[in-house]
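Here's the structure we're looking at; comments come further down.
Below, each value reflects all heavy atoms present in this structure, side chains not excepted, and no hydrogens, waters or symmetry copies.
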Amino acid sequence: MTSRIYAGHETALRAWDGGDGRALMVHCSLGHSGAWKGVAGHLAATHASRGFDLPGHGRSGPWDGQGVYQDVVCAQIRGMIADWQAPVDLIGHSFGATACLRVACTSPELVRRLVLIEPVFFTAAYRADPAFEAEQMAKGSEVYDSFRAKDYRSAARAFLRDWGGGQPFDAMSPVQQDQFVEQMKLVEAVYVTNNGDPDGMLGDGLVARLPMPVLLIDGAESPEGSHRIVQALDDLIPDSRLVTIPDAAHMVPITHADAVGPLVAEFLA
């Protein structure tokens with residue numbers, strides 16, 4: 001791995017050799033760029049792949065807490081593309097996918113093709129079905145109730161139950177638990193964009209005018225909100241394809257890399 005400064009943050013970078021294509025991958029909250037190893041292996045015949053650790057993740061430096069977290073990540077993505085060669089194929093998972101979508105909407109000249117794996121852009125689902133939003137608001141969220149109480153340990157336990165890779169919080173080592181508890185502050189920081197409309201992506205019709213082909217992927221066993229988000233985006237995006245991976249949940253690019261990788265490789269080729 002190497003390290004550079006992007007958007008004022010020390011950023012750990014990872015690369016996988018491959019063909020002449022260029023794929024930039026953006027991981028999920030609580031993850032790191034190494035999570036893309038399985039998918040990158042399937043792209044090697046046609047693409048060199050790069051990933052980076054988000055601020056406060058992996059080997060990158062901490063987030064400085066200034067401004068909006070997603071703003072920083074989008075600036076990092078734009079900087080990396082400028083240092084490589086635009087346009088690139090942009091691949092994101094969960095929060096990483098929300099940042100990739102925003103870059104594609106606001107700087108479409110930087111993106112040749114876009115892959116969104118379970119983007120947690122809840123606003124898309126809520127605007128498609130206000131009754132679903134009302135239902136979710138009435139139900140409440142243990143994660144966000146814990147945020148309001150500044151109880152990040154309870155937030156981590158609930159978040160990993162719904163959005164993790166299957167290992168319960170209480171089965172983790174104390175070191176892992178402490179790491180996730182600290183990183184929950186970053187999950188809290190993305191609430192404003194996951195549940196907002198940065199740059200008017202929906203309100204100003206940017207999603208509905210995306211010019212590049214888009215592949216949407218979700219897992220069949222993921223939370224209902226995930227399915228509703230990708231369906232709402234599929235309905236809006238002019239040139240999109242939605243694929244659901246059987247027996248997979250939210251961490252599908254890691255747990256089912258051998259299903260996701262060939263699918264992405266075919267789409268990018």
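Partner I217 forms a side-chain contact (heavy atoms from CB on, under 4.5 Å) with one of V260, L116, I91, L242 and no other, that one being V260. Here the options are L114, L206, V111, the test is side-chain contact (heavy atoms from CB on, under 4.5 Å), and the partner is L101; only L114 passes. Paired with Y69 under the rule side-chain contact (heavy atoms from CB on, under 4.5 Å), one option of V72, V73, D71 passes, and it is V73.
Within the 4.5 Å cutoff, side-chain heavy atoms of D64 are placed close to those of H9. Between R153 and D178, the closest side-chain pair of non-hydrogen atoms falls below 4.5 Å. At least one side-chain heavy atom of L233 sits under 4.5 Å from a side-chain heavy atom of P119.
The backbone N or O of R59 sits less than 3.5 Å from a side-chain atom of D53, completing a donor-acceptor pair. A distance-only check finds no donor-acceptor pair linking the side chain of R102 to the backbone of C74 [under 3.5 Å]. With hydrogens and angles disregarded, no donor-acceptor distance shorter than 3.5 Å links the side chain of D234 to the backbone of V230. Of the possible polar contacts, none joining the R4 side chain to the M80 backbone as a donor-acceptor pair under 3.5 Å is found. Checking side-chain atoms of S173 against main-chain N and O of Q176 turns up a donor-acceptor pair under 3.5 Å. Using modelled atom types, one side-chain atom of D197 and one backbone atom of G203 make a donor-acceptor pair closer than 3.5 Å. Between the side chain of D129 and the main chain of A131, a donor-acceptor pair closer than 3.5 Å is present. With H42 contributing its side chain and A40 its backbone, the two residues share no donor-acceptor pair below 3.5 Å.
Nearest heavy-atom pair across S226 and S222 is CB-CB, 4.0 Å. Nearest heavy atom pair, residue M1 against residue A12, reads CE-CB, 3.5 Å. Of all the heavy atoms in S60 and E10, the pair that sits closest is CB-O, 3.5 Å.
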Problem set entry | Evaluation steps, side-chain hydrogen bond (donor to acceptor under 3.5 Å, both in side chains), between T98 and Q70 | CA-CA 8 Å; T98 70; Q70 193 193 74; 3.0 Å; yes
Problem set entry | Full working for salt bridge (charged side-chain N to carboxylate O under 4.0 Å, His left out) between E188 and R148 | CA-CA 10 Å; E188 182 181 29; R148 283 189 285 271; over 6 Å; no
Exercise. Yes or no on side chain to side chain contact (heavy atoms under 4.5 Å, CB included) for F95 and L54, after CA distance, side-chain angles and deciding distance?
Worked result: CA-CA 10 Å; F95 165 74; L54 297 172; 3.9 Å; yes
Problem set entry | Full working for side chain to side chain contact (heavy atoms under 4.5 Å, CB included) between R209 and V207 | CA-CA 5 Å; R209 295 197 301 274; V207 169; over 6 Å; no
For this session: Could you walk me through whether H27 and H32 pass ring-ring contact (aromatic ring centres under 6.0 Å, His included), step by step?
Result: CA-CA 6 Å; H27 68 79; H32 59 82; 7.1 Å; no
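To the nearest 0.5 angstrom, E182 atom CD is 10.0 Å from Q179 atom CD. Rounded to the nearest 0.5 angstrom, L90 CG and L24 CG are separated by 5.5 Å. In this structure, D170 CG and R157 CZ are separated by 4.5 Å, a value rounded to the nearest 0.5 Å. For the atom pair CG (L13) and CZ (F52), the distance works out to 8.5 Å, reported to the nearest 0.5 Å. To the nearest 0.5 Å, atoms CD (E135) and CE (M137) are separated by 10.0 Å.
S146 and D151 form no side-chain donor-acceptor contact under 3.5 Å, judged by distance and modelled atom types alone. H47 and D20 are not linked by any side-chain donor-acceptor pair at a separation below 3.5 angstrom, with hydrogens and angles left out of the test. No side-chain donor-acceptor contact under 3.5 Å links E118 and S94. Between the side chains of T11 and Q76, at least one donor N or O sits under 3.5 Å from an acceptor N or O.
Note: Y191 and Y144 meet the aromatic proximity criterion, with ring centroids under 6.0 Å apart.
A salt bridge is absent between D89 and R22: the closest approach of a Lys/Arg side-chain nitrogen to an acidic carboxylate oxygen does not fall below 4.0 angstrom. The existence of a salt bridge linking E142 and R161 is confirmed by a sub-4.0 Å separation between a basic side-chain nitrogen and an acidic carboxylate oxygen.
Between W163 and F122, the ring-plane angle classifies as perpendicular under the 30° and 60° cut-offs. Between W36 and H93, the angle of the ring planes goes over 60°, which puts this pair in the perpendicular group of the 30/60° scheme.
No chain of hydrophobic side-chain contacts below 4.5 Å, direct or via other Ile, Leu, Val, Met, Phe, Trp or Tyr residues, connects I254 to L43.
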